[in-house]
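In this chain, residues are counted from 1 in sequence order.
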Amino acid sequence: MPNWTLSDEDLEAAIALSPAGELTLELRRAGRVVVEPSRLGLRAAHEDLSAGLEFAGMSERRVEESYRTVTGKRREHRYAAREWTLSFTKGEHRLDLQVRIGGGGMAYRYVVPWAGPVTVMEEISEYVVPRGARAVLLPYENGRCDYEEIHRHTTVAAAEPILYGYPSLFQTGDAWMLITESNLDSGYAGSRLRFDGRAFRLDLPDPYVTAASPLVTPWRTTIVGDLAAIVESDLVTSLAAPSKVEDTSWIRPGAAAWSWWSDGPSTRDLDAQKRWVGFAAAHGWPYVLADAGWNKEWMPELIAYARERGVGVWLWSHWQHVDTELEHREKLALWKEWGAAGVKIDFTESDGQDRMRWFDAILAATARLKLMVVFHGGTIPRGTERTWPQFMTAEAVKGAEWIKPKPGKQPLYPATHYLSLAFTRNVQGPMDFTPCTFTGVRAISAGFELALSVLFESGIQHFADAIEAYEARPEALRLLSAVPAAWDETRLLSGDPADHILLARRSGEEWYVGAGVSGEARRLTVPLGFLDEGEWAAEIFRDAPGDRILAETVTVAGGDKLDLAVPPNGGFTLHLRREVR
C-alpha cells in the first residue's frame with residue numbers, strides 16, 4: 001500500500017493510499033497519535049474522487065511569509081512551513097492534496113481541476129480522534145448558523161453524536177489539538193463537524209458547492225502543541241489569503257461605548273447618544289456604537305457632534321439592508337459621506353456558499369469606502385482579519401447579549417464558559433463578546449468580569465454596561481480607559497479550559513495580565529519572567545467585598561512571582577509599566 005510520511009519538527013503526517021484507491025491521513029506529535037487514520041477525498045459531480053485513486057506524483061516547496069495585521073493577539077507575524085502537493089488521478093480526472101506542516105500545526109486542502117465549473121456534492125474529510133481524548137466541543141444547531149452555545153466538556157468516547165461547530169479542542173496525553181478551518185471565501189461553504197461515534201466528519205451546509213476550476217477548498221486546519229501553543233497560535237491567520245487592502249492607515253482598533261445592552265430605547269434618542277459620546281470622549285474610547293433604532297434624520301448631527309469630540313460613530317444594519325450593489329452605493333456610501341467610522345452588520349445567519357458570496361461583496365465594498373466592519377449573528381472568522389484588515393471582529397459567541405438585565409428568568413453562564421472561549425473561539429479570531437457588564441446576570445466575580453477586557457481579544461471592544469455602572473466602579477473605569485483592543489504579543493502563563501487562566505498581553509512596552517478561575521477560592525501565582533529586567537509598577541485590580549473592584553500598586557521586577565488570592569469564580573487584572581525614577 002503506497003504511503004508517504006511528511007514531517008516538520010515534531011509533527012508527522014502519514015498519508016496512505018489503500019488498494020481500493022482510498023486516502024487516509026494519520027497525524028502524530030512526537031510519536032504520539034493525535035489523529036488516527038482518517039479518510040480524505042471528495043465526491044464531485046463529474047467524478048467520485050474519494051475512491052479508485054492512483055498516485056501520479058508529488059512536489060514540495062518551502063513557504064515563508066512575514067506579514068502584519070492591524071488587530072489580533074499579535075500584529076507582526078512570521079509563518080514558515082513545508083508544503084507538499086500529492087497528485088492523484090482517476091481516469092482522466094485529477095485530485096491534488098496539498099499538505100502543510102509548520103507554524104505549530106498541520107493543514108490540508110484539495111485542489112480539483114476540471115474542464116468547467118467544479119461542483120462538490122460531498123467532502124469525505126474526517127478526524128478520528130482517540131476515544132480517550134478529552135474534548136471541549138461546541139454544539140451546533142442543525143439548520144442554522146449557530147455558534148451561540150455553551151461548550152461541552154467531555155471525552156470523545158462520551159461525546160453525543162451531533163453537529164459541532166469550529167473550533168473543537170482535544171487533549172491526548174500532553175498534546176492539545178484544535179481542529180478548525182481557514183481561508184474560506186465565496187468559492188466554498190463553511191463546514192462543521194458531524195460526530196458519528198467514531199469520527200468527526202466534515203459536514204457542509206449546502207447540498208453542493210460550485211466554483212470555477214480549479215476548485216480550491218479551505219484549509220482543514222489542525223493546531224497541535226501544548227496549551228500555550230494553542231492559545232498563542234496565529235496559524236488560522238497565516239493560512240488565510242494576504243491582505244487585499246494596501247492602505248490600512250484609516251483602520252483603528254479601539255474601545256466602543258455601546259448603549260443598547262443597558263438601555264435599549266437609548267438607540268432611538270439623539271440626546272441619549274450624545275451623552276454616550278461625551279462619556280466615550282471623557283475616557284479615551286475612540287468609538288460609540290449606535291445600534292438598531294438609530295434615525296437617519298438625526299444621525300448626521302450625531303456624527304458631527306462626535307467628530308468634534310474625537311469620537312467615531314458605528315452604525316448598525318441588518319445584512320439584508322446592504323445585500324446588493326445598489327444598497328452598497330446608496331446606503332454604505334451615504335453613511336461614509338456622513339462620516340461614519342464603520343458598520344455593524346447583523347443577522348448574517350448562514351455558513352452557506354451564498355452567504356460567503358455576500359461576505360466577499362460586503363468586505364470589498366467596505367474596503368473601497370474605507371468603512372470598518374463588524375459582523376453579528378453569524379459565522380466565525382477564518383483568517384478574515386488578514387485578508388480584509390478593516391474587518392475588526394465578529395460575534396459568533398454566546399456573549400453578554402444573552403445576560404442583559406431584563407425581567408423574568410435569565411440564563412447564567414458557568415465560569416467555565418468564559419474559560420472555554422479563551423481556549424477555543426478566541427483562538428479562532430477576534431470575538432465580540434461585549435464584556436465588562438457588571439450589572440448582568442453572572443456567576444463570575446467583578447474581578448473576573450473586568451479581566452475579560454484582557455482575556456478576550458476583539459479589534460473593536462464593545463464595553464456594554466451603563467455609564468452609571470462604570471462610574472460606580474472608578475477603579476474598573478480607569479483600567480477600561482487604558483486597556484488596548486489590539487496587541488503586540490500574547491502569552492499563556494498557565495491555564496486549563498475548565499479550571500483557570502493566566503494570560504499576558506503586551507501593547508508597546510506595557511503588559512496586561514488577565515486571570516480567572518472556575519470553582520473554589522485559591523491563590524494564583526503569576527510568573528513575571530516575561531518582563532524585561534528592572535523594576536515595574538504593577539497595578540492590581542482585584543475583587544473587593546460588595547462586588548466591587550479594589551486597585552493597588554506594588555513594585556515588581558522581571559523574573560519575580562506575584563502571589564494573589566482569588567475568591568470563588570474570581571479573577572484579577574494586572575497593568576504593568578516600567579518604573580520611572
- Item | Exam field: side chain Asp10 to backbone Ala30, donor-acceptor pair closer than 3.5 Å | no

- Item | Nearest non-hydrogen partners of Pro435 and Gln461, listed with the distance | CD-OE1, 3.5 Å

- Could you tell me the separation between the CG atom of Leu23 and the OG atom of Ser18, rounded to the nearest 0.5 Å? 8.0 Å

- Quick one: does Arg355's side chain have a donor or acceptor within less than 3.5 Å of a partner on Arg357's backbone? no

- Message: Is it the case that atom CZ in Arg201 sees more than 12 heavy atoms from other parts of the structure closer than 6.0 Å?
- Response: no

- By salt bridge (Lys or Arg N to Asp or Glu O under 4.0 Å), Arg75 pairs with (sequence neighbours left out) Asp488

- Taking only residues two or more places apart in sequence, or in another chain, which ones meet Ser50 in a side chain to side chain contact (heavy atoms under 4.5 Å, CB included)? Arg39, Arg43, Asp48, Ile124

- Query: Side chain of Ser458, backbone of Ile460: donor and acceptor closer than 3.5 Å?
  - Reply: yes

- Please name the pair of heavy atoms, one in Ala365 and one in Leu332, separated by the smallest distance, quoted to 0.1 Å. CB-CD1, 4.1 Å

- Message: I'd like to know if Lys244 pairs up with Asp360 as an ion pair, taking the criterion as any Lys NZ or Arg NE/NH1/NH2 lying under 4.0 Å from an Asp or Glu carboxylate oxygen.
- Response: no

- Heavy-atom donor-acceptor pair, Glu36 side chain to Ser38 backbone, under 3.5 Å: no

- Taking the six-membered ring for Trp, are Phe530 and Trp511 parallel (under 30°), tilted (30 to 60°) or perpendicular (over 60°)? tilted

- Query: Does Arg505 reach the main-chain N or O of Lys73 with its side chain, forming a donor-acceptor pair under 3.5 Å?
  - Reply: no

- Task: Please name all residues satisfying side chain to side chain donor-acceptor pair (under 3.5 Å) with Asp226, sequence neighbours left out, ordered by chain then number.
- Result: none

- Query: Does anything in residues 220-252 pair up under ring pair (Phe, Tyr, Trp, His ring centres under 6.0 Å), and if so which pairs, sequence neighbours excluded?
  - Reply: none

- Query: Are any side-chain N or O atoms of Arg425 and backbone N or O atoms of Ala396, one a donor and one an acceptor, separated by less than 3.5 Å?
  - Reply: yes

- Hits for side chain to side chain contact (heavy atoms under 4.5 Å, CB included) against Ala515, two or more places apart or cross-chain, chain-then-number order -> Leu502, Leu524, Phe572

- Query: In Å and rounded to the nearest 0.5 Å, what is the CG to CG distance from Leu193 to Leu138?
  - Reply: 10.5 Å

- Take Thr366 and Gln390 through the test side chain to side chain donor-acceptor pair (under 3.5 Å) and record every step on the way to the result. CA-CA 8 Å; Thr366 52; Gln390 85 279 11; 3.0 Å; yes

- Message: Let's go through Val513 and Val454 carefully: what are the C-alpha distance in whole Å and the side-chain angles of both, what is the deciding distance for side chain to side chain contact (heavy atoms under 4.5 Å, CB included) to 0.1 Å, and is it a yes or a no?
- Response: CA-CA 7 Å; Val513 177; Val454 173; over 6 Å; no

- Under the side chain to side chain donor-acceptor pair (under 3.5 Å) test, which residues partner Ser168, sequence neighbours left out? none

- Please identify each residue that fulfils side chain to side chain donor-acceptor pair (under 3.5 Å) with Arg252, with sequence neighbours left out. none

- Note on the structure: Residue set satisfying side chain to side chain donor-acceptor pair (under 3.5 Å) with Arg382, at least two apart, ordered chain then number -> Tyr147, Glu181, Thr379

- Less than 4.5 Å apart, any side-chain heavy atom of Glu232 and any of Arg491? yes

- side chain to side chain contact (heavy atoms under 4.5 Å, CB included) between Thr71 and Met392, intermediate numbers included: CA-CA 7 Å; Thr71 64; Met392 306 304 284; 3.7 Å; yes

- Could you check Asp351 against Tyr140 for side chain to side chain donor-acceptor pair (under 3.5 Å), going step by step and ending with a plain yes or no? CA-CA 12 Å; Asp351 275 323; Tyr140 186 110; 2.6 Å; yes

- Note on the structure: In short, ring pair (Phe, Tyr, Trp, His ring centres under 6.0 Å) pairs touching residues 6-50 with sequence neighbours left out are His46-His93, His46-Trp114

- Which heavy-atom pair separates Val427 from Ala422 by the least distance, and what is that distance? CG2-O, 3.7 Å

- Start with the C-alpha distance between Thr237 and His77, add both sets of side-chain angles, then the distance that settles side chain to side chain donor-acceptor pair (under 3.5 Å), and finish with yes or no. CA-CA 9 Å; Thr237 312; His77 308 259; 5.6 Å; no

- Message: Between Glu64 and Arg78, does any side-chain N to carboxylate O distance fall below 4.0 Å?
- Response: yes

- Task: Can you label the angle between the Phe195 ring and the Phe200 ring as parallel, tilted or perpendicular, going by 30° and 60°?
- Result: parallel

- Query: Which value, rounded to the nearest 0.5 Å, describes the distance between Asn183 atom CG and Arg109 atom CZ?
  - Reply: 6.5 Å

- Item | Backbone N/O of His151 and side chain of His417: donor-acceptor pair under 3.5 Å | no

- Do you know which two heavy atoms are closest between Leu204 and Ala189, and how far apart they sit? CD2-O, 4.1 Å

- Item | Residues forming a salt bridge (Lys or Arg N to Asp or Glu O under 4.0 Å) with Lys90, sequence neighbours excluded | Glu47

- Hits for salt bridge (Lys or Arg N to Asp or Glu O under 4.0 Å) against Glu65, two or more places apart or cross-chain, chain-then-number order -> Arg386

- Leu95 versus Leu49, closest heavy-atom pair with distance: CD2-O, 3.6 Å

- Query: Can you check whether Ala158's main-chain N or O pairs, donor with acceptor, with Thr155's side chain at less than 3.5 Å?
  - Reply: yes

- Between Ser125 and Tyr108, what is the shortest heavy-atom contact and its length? CB-OH, 3.2 Å

- Got Ile179 and Tyr164 here, is their nearest side-chain heavy-atom distance under 4.5 Å? no

- Item | Arg74 bridged to Glu489 by N-O distance under 4.0 Å | no

- Message: Heavy-atom count check: over 12 atoms from other residues, nucleotides or ligands less than 6.0 Å from Tyr208 OH?
- Response: no

- Item | Side-chain heavy-atom pair Ser420, His153 within 4.5 angstrom cut-off | yes

- Output all residues satisfying side chain to side chain contact (heavy atoms under 4.5 Å, CB included) with Leu215, sequence neighbours left out; order by chain, then residue number. Val112, Val118, Val120, Tyr188, Ala211, Thr217

- Is it true that a side-chain atom of Arg131 and a backbone atom of Gly197 form a donor plus acceptor pair closer than 3.5 Å? yes

- Query: Does Leu17 reach the side chain of Trp4, with side-chain heavy atoms less than 4.5 Å apart?
  - Reply: yes

- Backbone N or O of Ser238 within a donor-acceptor pair of the Tyr67 side chain at under 3.5 Å? yes

- Task: Report the C-alpha separation of Trp402 and Glu148 in whole Å, then their side-chain angles, then the decisive distance to 0.1 Å, and conclude whether the side chain to side chain donor-acceptor pair (under 3.5 Å) test is met.
- Result: CA-CA 9 Å; Trp402 291 89; Glu148 300 183 29; 2.7 Å; yes

- Message: Against Asp206, only a single residue in Met356, Met121, Gln353 fulfils side chain to side chain contact (heavy atoms under 4.5 Å, CB included); can you say which?
- Response: Gln353

- Message: Does the plane of the ring in His321 sit parallel, tilted or perpendicular to the ring in His318? Use 30° and 60° as the thresholds.
- Response: tilted

- Query: If you draw a 6.0 Å radius around CD in Gln320, do more than 12 non-hydrogen atoms from other residues or ligands fall strictly inside?
  - Reply: yes

- Any side-chain heavy-atom pair from Glu123 and Arg220 closer than 4.5 angstrom? yes

